[in-house]
> 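Below is a structure I'd like to ask you about.
Atoms within each ligand, like the ligands themselves, are counted from 1 in listed order. Numbering of residues begins at 1 and proceeds along the displayed sequence. Quick note: numbers below take in every heavy atom, side chains included, and nothing from hydrogens, waters or symmetry partners. Computed from a predicted structure; not experimentally measured.
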Amino acid sequence: MAYEIYCKNCGRKLLKYEKYERKYKSPVACCKKCGKEYIDPRCHELAIEGIPEAEFKVTNGIFLFIIGVLIAWRGFYLFGMRMLGTPDSMQWLLPTVILLLGLALIIGAIIDLIRILTGSKKRKYERLLEESRVRISSDEYIRKLKNLGYLREGVSE
Ligand SMILES: [Zn+2]
């Protein structure tokens with residue numbers, strides 16, 4: 001399900017996003033129309049929220065890999081089928097799309113697993129954490145996060 005947020009000042013649509021989207025950078029953004037600052041709900045300050053452990057779960061990659069194999073296998077299987085209502089010249093299209101989707105998932109899962117196992121993913125998050133620490137070391141930045149509603153009561157600084 002997609003969410004939308006609008007500028008509180010001028011009403012312009014600021015962004016549309018899916019709930020699972022997460023970015024690890026400053027959540028402070030500016031309305032392109034009126035310049036008013038707002039909080040991008042996709043963005044998270046790692047120095048405040050901590051590094052998400054779920055990003056390092058090998059089981060997620062293995063799960064995606066298996067889904068990819070099943071989808072690719074399905075696409076491969078469809079090559080031998082004739083689809084009713086589809087012209088002969090287009091019979092290859094759907095199986096090819098499904099097969100490529102499955103292969104993309106497999107490759108994505110393998111790359112993610114390699115990055116986790118070699119520690120390169122960890123290093124990337126440590127770098128992002130350090131950048132976040134630098135940002136939140138500024139009192140002015142913390143005040144801005146509070147004013148914009150990113151830091152609420154109960155959230156430690
Ligand atoms: Zn605006």
> Cation-pi check, K8 to Y38: give yes when NZ or CZ is under 6.0 Å from the six-membered ring centre and within 45° of the ring axis, no otherwise.
no
> Flag the pair R133 and E130 as a salt bridge only when some basic side-chain nitrogen lies within less than 4.0 angstrom of an acidic carboxylate oxygen.
yes
> Crowded around Y77 OH? As in, over 12 foreign heavy atoms under 6.0 Å?
no
> Could you tell me whether E49 and R22 make a salt bridge, using a distance below 4.0 angstrom between a side-chain N and a carboxylate O?
yes
> Who pairs with R135 by salt bridge (Lys or Arg N to Asp or Glu O under 4.0 Å), at least two apart in sequence or on another chain?
E45
> Closer than 2.8 Å to the Zn ion (ligand 1), how many protein N/O/S atoms do you count?
4
> Ignoring hydrogens and angles, tell me if any N or O in the side chain of Q91 forms a donor-acceptor pair with the backbone of T86 under 3.5 Å.
yes
